[in-house]
Amino acid sequence: MKVLVTGAAGSIGRVLLPGLVDRGHEVVGMDLHVAPDGTTCPWYVADCGDPDAVEAALVDASQTGPVEAVVHLAGFPDEAGLDAALASHVLTTGTLLDAMVRHGISRIVYASSNHAVGRTPSDQPVDTHTPPRPDTYYGVGKVAAEALLRLFVDRHQIDAVALRIGSFLLQPETRRQLATWLSHDDAVRLVHAALTAPDPGFAVAYGISANTRAWWDLEAGRALGYEPQDDAEQFAAAIEAVAPTAADEVEAAHVGGPFVTEAFYRPARG
Ligand code: 15L
């Protein structure tokens with residue numbers, strides 16, 4: 001499948017590009033930054049929130065065959081102001097969805113986040129029925145971007161899969177991440193499943209590995225064909241060798257961990 005990947009130079013993009021190529025996809029990268037050394041796929045230095053830049057890239061990329069799907073990873077991966085969150089997560093998504101409709105691209109896989117439900121207390125179930133409960137403007141941006149996907153699925157009958165990613169890291173580093181870790185290899189498996197699942201319509205899935213301590217429901221991912229292979233438990237002994245801190249306790253209380261704390265409070269328009 002020919003896939004446009006936004007945010008291709010970011011931490012997930014750098015892992016995903018070779019991973020998708022290994023699985024037989026033809027990848028086109030897009031990022032504000034130039035391609036990392038060693039990148040061999042076509043690459044567009046462009047802002048995916050800029051309709052003209054996206055249009056120019058898609059017209060060019062389509063010359064060698066139609067782009068069939070978008071994997072939208074671009075977005076500031078941390079808390080900022082409300083304006084920044086809306087621009088980074090919502091306007092980019094809207095720009096790409098408009099372009100998809102124009103070009104007949106029928107599937108988008110979106111890097112959403114657990115922070116869309118981050119204020120959910122940890123003693124409550126976390127599955128696809130969990131209502132939106134963002135912990136930050138970052139989470140608000142992810143909720144709104146998911147709502148945009150839903151709108152375009154209903155209006156234009158595209159397929160859109162929102163992956164509420166946990167902690168994408170080489171390995172977990174904290175107690176919380178023993179539950180929320182998404183390994184590099186499982187991230188590739190998850191996105192590949194979201195790209196190839198037959199007729200998902202609008203789907204949400206949690207993006208974590210098969211962690212022994214996970215409490216977010218993996219069934220929606222499995223329904224797409226995602227079979228996680230990694231488990232953070234192999235790192236538990238090393239992490240637990242260090243006594244728990246107050247931060248560990250705070251992080252354990254909600255899905256979003258540290259993002260619920262006052263350190264992440266900002267004025268909405270600051
Ligand atoms: C995310 O969505 C963030 O981009 C990242 O900074 C981490 O906070 C991660 O979630 C997480 O919850 O560990």
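Just so you know, ligand 1 is whichever comes first in the structure, and atom 1 is the first atom listed for that ligand. Values below: every heavy atom of this structure, side chains too, minus hydrogens, waters and symmetry copies. Note that this is a predicted model, so its numbers are computed, not measured.
A donor-acceptor contact shorter than 3.5 Å links the side chain of Arg266 to the backbone of Ala263. Checked by atom type and distance alone, the side chain of Glu146 never pairs as donor or acceptor with a backbone atom of Val143 at under 3.5 Å.
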Using side chain to side chain donor-acceptor pair (under 3.5 Å), reason through Tyr206 and Arg164 one step at a time and then give a plain yes or no. CA-CA 5 Å; Tyr206 289 89; Arg164 291 184 182 158; 2.8 Å; yes

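A donor atom on one side chain and an acceptor atom on the other are found under 3.5 Å apart for Ser183 and Asp230.
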Can you produce the list of protein nitrogen or oxygen atoms under 3.5 Å from a nitrogen or oxygen of ligand 1, alongside each distance?
unit_1   : atom_1 : unit_2 : atom_2 : d
ligand 1 : 2 (O)  : Ser113 : OG     : 2.7
ligand 1 : 2 (O)  : Tyr138 : OH     : 2.8
ligand 1 : 4 (O)  : Pro77  : O      : 2.8
ligand 1 : 4 (O)  : Tyr138 : OH     : 2.9
ligand 1 : 6 (O)  : Pro77  : O      : 3.0
ligand 1 : 8 (O)  : His115 : NE2    : 3.2
ligand 1 : 10 (O) : Asn114 : ND2    : 3.4
ligand 1 : 10 (O) : His115 : NE2    : 3.1
ligand 1 : 10 (O) : Gly166 : O      : 3.4
ligand 1 : 12 (O) : Asn114 : ND2    : 2.9
ligand 1 : 12 (O) : His115 : NE2    : 2.9
ligand 1 : 12 (O) : Arg176 : NH1    : 3.3
ligand 1 : 12 (O) : Arg176 : NH2    : 2.8
ligand 1 : 13 (O) : Ser167 : OG     : 2.6
ligand 1 : 13 (O) : Arg176 : NH1    : 2.9

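Other residues, nucleotides and ligands place more than 12 heavy atoms under 6.0 Å from the CD atom of Glu219.
Closest approach of Thr6 to Ala74, counting heavy atoms only: OG1-N, 3.1 Å.
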